[in-house]
Amino acid sequence: MRRFSAFAIAREAFRNHEGWGRTWAKRPPGKRYDVVIVGAGGHGLATAYYLGKNYGITNVAILEKGWLGGGNTGRNTTIIRSNYLQDPSAALYEKARSLYETLSQDLNYNVMFSPRGVIMLAQTHHEVRGYKRTVHANALQGVTTEWIGPQRVKELCPIMNIDGPRYPVLGGLWQARGGTARHDAVAWGYARACTDMGMDIIQKCEVTGVRTEGGRVAGVDTTQGAIDCDKLGIVVAGHSSVLAEKAGFRLPLESVALQALVSEPIKPCMDVVVMANTVHGYMSQSDKGEMVVGGGTDGFVNYTQRGSFHHIEETLRALVETFPMISRLRMLRQWGGIVDVTGDRSPILSKTPVKGVFVNCGWGTGGFKAIPGSGFAMAELMAKGYSPLTAEFGMERFREGRFIDESVAAGVAH
Ligand code: FAD
Ligand code: PYC
């Protein structure tokens with residue numbers, strides 16, 4: 001595959017950019033693969049990529065029922081941070097954040113990682129205590145975060161009203177190397193690299209059944225025919241329970257819609273990401289100038305990938321208190337994604353009761369930031385049967401009561 005470079009771009013400029021070729025190949029599915037990954041979101045593609053890169057496993061198919069990156073990976077608000085409380089989470093999210101730092105070079109694809117800094121506002125004394133505790137935990141875990149006072153918050157984000165009538169800003173949990181990345185580019189970059197290693201990415205190919213023989217996976221049935229495989233990775237976010245049921249086991253997950261919206265583009269006014277969990281909303285400014293705004297999950301289990309009016313009203317009403325200048329902004333687009341939420345708000349990266357079947361799910365409202373680390377660890381688990389990064393995230397933890405409680409770090413109330 002042709003590599004991107006300043007020289008290549010200059011050369012293509014002289015020939016109408018006709019020499020680039022497809023970003024990922026379009027092929028019919030084969031009959032058999034060493035590994036089949038279900039779900040061409042960021043986590044599925046990253047898993048395939050690190051299987052090839054780190055373990056030389058390239059006879060891999062990634063099956064996607066819709067279009068590549070069209071699930072939550074292409075619907076999220078792109079916040080990247082690793083300021084989690086528990087040690088296993090900090091290790092996994094920090095691995096991901098550190099891989100983001102060099103992902104563009106690694107994939108030879110500009111994922112537009114922007115470590116502009118993330119502030120999680122403390123607007124109650126409870127949050128002050130919680131975030132100070134996280135800063136201490138992060139110091140022990142080797143994750144660089146800082147507790148900052150209200151004046152520093154104001155310096156970092158001058159458009160904020162820190163003296164709000166209901167919830168004045170009491171300080172914040174600041175991660176200077178947190179930030180954002182272009183979500184589509186993350187999916188496209190991994191897809192391009194997977195194609196380059198000879199893997200097949202099959203879109204419009206829904207997995208409708210999982211075939212087993214003697215307790216071991218034999219293959220999958222799809223809308224494009226049967227495909228055999230030695231190992232199967234189920235990486236389908238909000239549809240994980242549906243797929244698990246087809247494989248004959250249950251997952252401790254609830255699927256709900258999470259919504260977001262963007263405003264009309266305006267001049268640059270905010271160069272950090274702000275999350276305000278008490279009033280409940282988060283906001284950053286995209287490179288196009290749109291204010292990217294996110295709210296909470298729907299209060300009922302559903303599979304509806306769309307927005308609803310009361311979320312616009314609730315989220316903007318909350319954010320206007322802290323950012324009065326957005327009161328006259330017009331909102332342009334709104335959407336939803338189906339997120340898969342576990343009881344302890346931590347993901348599941350796990351073997352399953354069916355030999356050869358692995359699951360990567362439960363990222364809930366916060367898995368975009370984890371994509372590179374999750375793929376790295378999941379590939380290790382699938383290739384070697386064990387990964388230190390996934391060891392605590394097995395699905396058996398719910399039966400054994402070994403929860404990894406991240407309800408405060410999760411960022412979105414649910
Ligand atoms: P997905 O990207 O959803 O990919 C799963 C794929 O599986 C889909 O493309 C789907 O079509 C496919 N699939 C499903 N069933 C089948 C089947 N039977 N056969 C074949 N394919 C199938 N996280 C953050 O870290 N920061 C944020 O700021 C953030 N904001 C968010 C805002 C919103 C509005 C939403 C919805 C989510 C947000 N998240 C955020 C969460 C994050 O988007 C997800 O955790 C992450 O993208 C999950 O990636 P994935 O690859 O597991 O899932
Ligand atoms: O996990 O940081 C996060 C997040 C922000 C918005 C949605 N999820």
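Start at 1 and go down the list; that is how both ligands and their atoms are numbered.
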Given T222, I234, L258, L68, which has its nearest heavy atom closest to atom 37 (C) of ligand 1?
-> L258
Shortest non-hydrogen contact from T352 to F249?
-> CG2-CZ, 3.5 Å
Closest heavy-atom approach to atom 27 (C) of ligand 1 among L63, I79, V210 is made by I79
Who's closest to atom 53 (O) of ligand 1 heavy-atom-wise, of A237, G41, A181, G209?
-> A237
Considering distance alone, does some N or O of I338 sit under 3.5 Å from an N or O of ligand 1?
-> no
Residues D221 and K246 bridged, charged N to O under 4.0 Å | no
Counting heavy atoms only, which of E206, H43, E64 comes nearest to atom 9 (O) of ligand 1?
-> E64
Kindly confirm or rule out an N or O of G42 lying under 3.5 angstrom from an N or O of ligand 1.
-> yes
To the nearest 0.1 Å, how far is atom 1 (O) of ligand 2 from its closest protein heavy atom, and which atom is that?
-> K369 NZ, 2.5 Å
Going by an N to O cut-off under 4.0 Å, is there a salt bridge joining E101 and R177?
-> yes
Strictly under 4.0 Å, does any heavy atom of G364 approach an atom of ligand 1?
-> yes
Side chain or backbone of H183 under 4.0 Å from ligand 1, or both, or neither, by non-hydrogen atoms?
-> neither
Give me the one residue out of K31, R32, R27 that meets salt bridge (charged side-chain N to carboxylate O under 4.0 Å, His left out) with D200.
-> R27
May I ask you to check if ligand 1 and T73 share an N or O to N or O distance below 3.5 Å?
-> yes
Return the minimal non-hydrogen interatomic distance between Q123 and E127, and the atom names on each side.
-> N-OE1, 2.7 Å
Just going by heavy-atom distances, which of F368, W335, Y282, W363 is nearest to atom 23 (N) of ligand 1?
-> F368
Among L45, V207, T77, T208, which residue places a heavy atom closest to atom 19 (N) of ligand 1?
-> V207
Can you find a non-hydrogen atom of C361 under 4.0 Å from ligand 1?
-> no
At under 4.0 Å between heavy atoms, what of H239 touches ligand 1? The answer is side chain
Less than 3.5 Å between some nitrogen or oxygen of N72 and one of ligand 1, yes or no?
-> yes
Who's the nearest protein heavy-atom neighbour of atom 8 (N) of ligand 2, and how far?
-> T365 O, 2.7 Å
Salt-bridge present (R330, E264; N to O < 4.0 Å) | yes
Parallel, tilted or perpendicular: rings of F403 and F398 (30°, 60°) | tilted
Close approach, G366 and ligand 1, non-hydrogen under 4.0 angstrom = yes
Which segment of N360 sits under 4.0 Å of ligand 1 when only heavy atoms are counted = neither
Contact atoms of ligand 2, heavy-atom distance to G366 under 4.0 Å = 1 (O)
Which option, V38, N76, V220, owns the non-hydrogen atom nearest atom 31 (C) of ligand 1?
-> N76
For the residue pair R22 and M1, what are the closest heavy atoms and their distance?
-> O-CE, 3.7 Å
Would you call A410 a ligand 2 contact, heavy-atom distance under 4.0 Å?
-> yes
In terms of residue, atom name and distance, what is the protein heavy atom nearest to atom 5 (C) of ligand 2?
-> I79 CD1, 3.4 Å
Determine, for E396 against R399, whether the closest basic-nitrogen to carboxylate-oxygen distance falls under 4.0 angstrom.
-> no
Are D228 and R211 close enough for a salt bridge, meaning some N to O gap below 4.0 Å?
-> yes
Looking only at non-hydrogen atoms, find the nearest pair between I404 and E392 and report the distance.
-> CD1-O, 3.2 Å
Contact summary for G189 and L107, nearest pair of heavy atoms = C-CD1, 3.7 Å
Nearest neighbour in protein (non-hydrogen) for atom 2 (O) of ligand 2 | R81 NE, 2.7 Å
Can an N or O of W67 be found at a distance shorter than 3.5 Å from an N or O of ligand 1?
-> no
Are R152 and E155 close enough for a salt bridge, meaning some N to O gap below 4.0 Å?
-> yes
